[in-house]
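Read the structure below first, then the notes.
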Amino acid sequence: MSSYNLLSEPIRKYIAEQNWSELRPIQNAAIQRILTTTDNYILSAKTASGKTEAAFLPILTDVDFSESGVQVLYISPLIALINDQFKRIEELCEHLDIVITKWHGEASQSAKKKLIKNPNGIVLITPESLESMFCNRSHEIPHLFSNLKYVVIDEIHYFDGTNRGVQLNSLLYRIQKRANVNFRLIGLSATIGDLESIKKFGGRPLDTKVLKDSSSKPTSVSFKYFESKGGNNYNLDLIKDLFKEVYNNKVLIFPNSRGKVEEITHYLLKISKQGNLHTNFFAHHSSVDKSLREYIENFAKTNTYSPFSICCTSTLELGIDIGSVDKVVQIDSTFNIASLVQRIGRSGRKDGQESKVVLYNTNSWFLLQSIAIWELYQQGVIDSKTNAVYPFDILVHQVLSVIRSRNGITQNELINYFEQNYSFEHVTAIQIEQTIQSLLEKQIIEQTGQELLISLEGEYIVNSKDFYSVFESEQMYKVIHQNIVIGELPLNPMLSEESKFLLASRVWRVILIENDSKKIIVQPANSGDKPTFYGGPVDISHIIKEKMLEILISKQEFDYLDQASLDALKILRDEFAVYKLVNYKIDRPLKHDVNKTELYTFASSKINRTICLFLDFNGIKNDYNDLENSIILKLTTAQDLYKLFSKFNIDSKEINLYLKEVIEENPNIIDFSKWGKYLPINQQVSLLLDAYYSVEETLQFLNNIELKENIL
DNA sequence: GACCTGCTGCGGGTTG
């Protein structure tokens, strides 16, 4: 039977009205498989290939919405995506009598109350709102979800390998337990790196199948090279070239940081105004006020004819609906392949159109990284993030949430509950007990009779609105002009009264800083600096670093490079030719200089960080540059380094003891994790070794490499 | 050189 015939009458009617000539491959496959099996499915297909419909056409056919209780739970990482999908699903349900409810922090309270009173239909929610449901409406969970048939997770790759993903998986387990229900899971994504890891969502990896439409849109690419000379400032020629590239098109520009977004938007606007051309240049990032961002998104979506450029960070990387753009500009390399795939997918969304991407680079290492990522993308390789094997920090958060939600639970019940929780599959009962003991010792929880309860101290933590998320957020000051919020900035020492900065593509002068209400009052000004934002380094995966070396030592030519890129690549290749590297898996350059030695690792950021940990442990001073892949040491020979590496094969007890000392001396080291500080010290050590460093992998890497030296 | 994500419930006021 054709997949169309499997669909219910109202759904077929809907399809007829859409004037679709045919169903897309991913839709056909999904309808067939979802309606004829009981498996979970991950639907993977390129952006704008109709994945939402692929999930909902069969689900709407399968589910009897006249029954009470929420039938379908759609989970999204972003509020903006929920708002977009709400409209789409509403259209899909036009001929069906189905209630659709948005449930997130900015959704209507009355709609939520209505759902509680009469739970049914489809609910669209964020993981954090789900967490809050367990905390504040625990007794409603069975009533809401005991008839749940499907959970749909949108942009599921975004959760994979992240703390938010561990939290989400734990929440799915908690729904199953609390509402005593078994649901099917449908995950949607355009970019999947690690299939095995994604299949674990929902706790039935063996019954979770992947439907993948690997067809990709033709993409035209060009690389341009404008070296930045001194400091962080862009080469003026880059800005002029960029202007020519964008001013007559609809474009998204991704320069990788909020400060650079402001800088580039400012320059482009300036050039355009000088030439009396249009002023549709926008800055879009997390520090620009939400209403302003929505205005920009809406401008892009509704505007059919006029050209515009939105300069943005990853805020416009996921599937928020802004319509189609003509081209995507990436300035310096993305940090991973999935990011590039998502960004490219934003152009040429209409059928038959090709995607267009222009990659600018401002130094040769970024150029090399960009080529590596582009080549891997062409090969269909996507890099993936990996979770900690023992995510103790999320465990501590979930333990607190469960105690709060249950309003008292015995220790044995709690241990048993988390032993079965598939989100913590490798964590043992003894380890769970240690986590609980630590919370008791730190007096976050207390024991009353047989039951564990949140203590007075703990109430402050679990009752704070900051409790629901597993990621940290810094204190921000609102930037206000004439009672209108422009955006928000972290307060830094550079910012004082009379200082000037760029935000939302305009220059502002600080009039007043109100510390109590966390406000910065500003007025427009003529010139100013880009604002300073705090941000940690972003890890680069091993396959990208390895590919960079492969390209560096090969003679491979790339026809998408402009002359300046070719020249820059040649200089870098010539520089490394002296090492006579043959095998990119094994050979690593060791550069002897007049008073220092540089080890070029071409390894993942995590491995580099771990090598530095080993060096610190052995009292060897080192300096590390992730972009250039190099660890700088005092003068040393390859023989000395081999000797040192063999010493790294140390008893893990020693490194544990060392890390304990490090943590005791500097407790802030654990702050890379929001909930890490509540863990016992041995679990803090484990978390560092597991999530921050990578000992096994690093030892394997060091045992495998052969150093190739230059002769001074 | 350095992304992003989310957030309760209540009480008091205003509006239709």
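Side-chain atoms are counted along with the backbone in the values below, which use heavy atoms only and exclude waters and symmetry mates. Labels below follow one simple rule: chain letters A, B, ... track the order of the sequence lines, proteins then strands, and each chain is numbered from 1.
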*Quick one: the side chain of A:S473 and the base of B:dG6, do they pair up donor-acceptor inside 3.5 Å?*
yes
_Taking any heavy-atom pair under 4.0 Å as a contact, classify A:R164: base, sugar-phosphate, or nothing._
base
*NA contact type, A:S469, heavy-atom cut-off 4.0 Å: base, sugar-phosphate, or nothing?*
base
*asked:* Is the terminal nitrogen or CZ of A:R178 (NZ for Lys, CZ for Arg) located under 6.0 angstrom from the six-membered ring centre of A:F134 and within 45° of that ring's axis?
replied: no
*Indicate yes or no for a side-chain donor-acceptor contact from A:R164 to the backbone of A:P77 under 3.5 Å, with no hydrogens or angles considered.*
yes
*Is the shortest distance from a Lys or Arg side-chain nitrogen in A:K674 or A:D466 to a carboxylate oxygen in the other one below 4.0 Å?*
yes
*OP1, OP2 of B:dC3 versus side-chain N and O of A:K260: anything below 4.0 Å?*
no
*OP1 or OP2 of B:dC4 sitting under 4.0 Å from any side-chain N/O of A:R343?*
no
*So, are A:K290 and A:E106 salt-bridged, with charged N and O less than 4.0 Å apart?*
yes
*Contact class for A:Y158 vs. all strands (heavy atom < 4.0 Å): base, sugar-phosphate, or nothing?*
base
*Under-4.0 Å side-chain N/O to phosphate OP1/OP2 contact, A:S132 with B:dC7*: no
*asked:* Regarding A:I79, tell me which of base, sugar-phosphate or nothing describes its non-hydrogen contacts under 4.0 Å with the strands shown.
replied: sugar-phosphate
_Less than 4.0 angstrom between a side-chain N/O of A:S257 and OP1 or OP2 of B:dA2, yes or no?_
yes
*Distance check: side-chain N/O of A:T126 vs OP1/OP2 of B:dC7, anything under 4.0 Å?*
yes
*With heavy atoms under 4.0 Å as the rule, sort A:F471 into base, sugar-phosphate or nothing.*
base
_Output the rounded distance in Å from CG (A:L171) to P (B:dC7)._
13 Å
*Under 4.0 angstrom, heavy atoms only, what part of the nucleic acid is A:N256 near: base, sugar-phosphate, or nothing?*
sugar-phosphate
*For A:R137 and B:dG9, is the shortest distance between a side-chain N/O and OP1 or OP2 below 4.0 Å?*
yes
